[in-house]
Enquirer: 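One structure, pasted below without further comment.
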Amino acid sequence: MVQYIMVEERLNHPNLGEYLSFGIAALQNGEQIILVSDISTNKNDVLKLAERCSKEKLSPVHLYDVVEDYLN
């Protein structure tokens with residue numbers, strides 16, 4: 001079974017400087033199998049998205065599509 005978790009990242013952008021962003025990692029048997037980085041600076045939104053992916057038993061092959069839909 002795949003578990004999705006929110007990950008916190010401190011990133012640096014030439015125009016923005018350092019900022020805090022959140023991504024989603026997919027874990028299988030405790031090992032990270034995919035990471036979508038820098039989804040949003042809104043921690044709560046990314047946490048809810050990760051929880052929904054776990055609840056709905058999303059296949060990791062669809063994670064990028066789910067994130068793209070979230071961003072649009």
Side-chain angles (χ1 to χ4, degrees):
M1 186 167 117
V2 177
Q3 176 187 12
Y4 295 89
I5 61 168
M6 180 202 65
V7 293
E8 183 175 305
E9 307 169 290
R10 290 206 179 276
L11 302 174
N12 199 340
H13 187 276
N15 296 330
L16 303 173
E18 186 175 302
Y19 66 100
L20 186 61
S21 186
F22 302 91
I24 296 177
L27 307 177
Q28 190 167 40
N29 300 321
E31 291 190 38
Q32 182 176 303
I33 56 172
I34 190 169
L35 171 66
V36 181
S37 182
D38 200 14
I39 296 172
S40 174
T41 58
N42 187 317
K43 180 179 184 175
N44 197 40
D45 282 355
V46 177
L47 180 60
K48 287 180 183 177
L49 185 60
E51 289 172 346
R52 185 162 184 197
C53 289
S54 288
K55 180 182 173 190
E56 299 294 330
K57 298 180 178 152
L58 180 74
S59 170
V61 298
H62 299 296
L63 182 58
Y64 287 111
D65 293 329
V66 167
V67 170
E68 184 177 353
D69 288 346
Y70 162 78
L71 294 172
N72 292 321

Enquirer: Any chance you could measure Gln3, atom CD, to Gln28, atom CD, to the nearest 0.5 Å?
Expert: 11.5 Å
Enquirer: Should we count CD of Glu18 as having more than 12 external heavy atoms under 6.0 Å?
Expert: yes
Enquirer: Got a donor-acceptor contact below 3.5 angstrom from the Tyr4 side chain to the Leu58 backbone?
Expert: yes
Enquirer: Do the side chains of Met6 and Leu11 join up, straight or via other hydrophobic residues, at under 4.5 Å, putting them in one cluster?
Expert: no
Enquirer: For the side-chain contact (heavy atoms from CB on, under 4.5 Å) test, which of Ile34, Leu49, Leu35, Ile5 pairs with Ile24?
Expert: Leu49
Enquirer: Same cluster for Val2 and Leu27 if Ile/Leu/Val/Met/Phe/Trp/Tyr side chains link at under 4.5 Å?
Expert: no
Enquirer: Following the transitive rule for hydrophobic clusters with a side-chain heavy-atom cut-off under 4.5 Å over Ile, Leu, Val, Met, Phe, Trp and Tyr, establish whether Val46 and Val67 coincide in one cluster.
Expert: yes
Enquirer: Same hydrophobic cluster for Ile39 and Tyr64, using side-chain heavy-atom links shorter than 4.5 Å among ILVMFWY?
Expert: yes
Enquirer: Between Leu20 and Glu8, does the side-chain contact (heavy atoms from CB on, under 4.5 Å) criterion hold? Intermediate values first, please.
Expert: CA-CA 7 Å; Leu20 186 61; Glu8 183 175 305; 3.3 Å; yes
Enquirer: Report the residues that fulfil side-chain hydrogen bond (donor to acceptor under 3.5 Å, both in side chains) with Asp38, sequence neighbours left out, ordered by chain and then residue number.
Expert: Tyr19, Ser21
Enquirer: Under 3.5 Å, is there a donor-acceptor pair between the side chain of Asn42 and the main chain of Asn44?
Expert: yes
Enquirer: Tell me if a side-chain donor or acceptor on Ser37 pairs with a main-chain N or O of Gly23 at a distance below 3.5 Å.
Expert: no
Enquirer: Between Asp45 and Tyr70, does the side-chain contact (heavy atoms from CB on, under 4.5 Å) criterion hold? Intermediate values first, please.
Expert: CA-CA 10 Å; Asp45 282 355; Tyr70 162 78; 3.3 Å; yes
Enquirer: Treating Ile, Leu, Val, Met, Phe, Trp and Tyr as nodes and any side-chain heavy-atom pair under 4.5 angstrom as an edge, say whether Val61 and Val36 lie in one connected cluster.
Expert: no
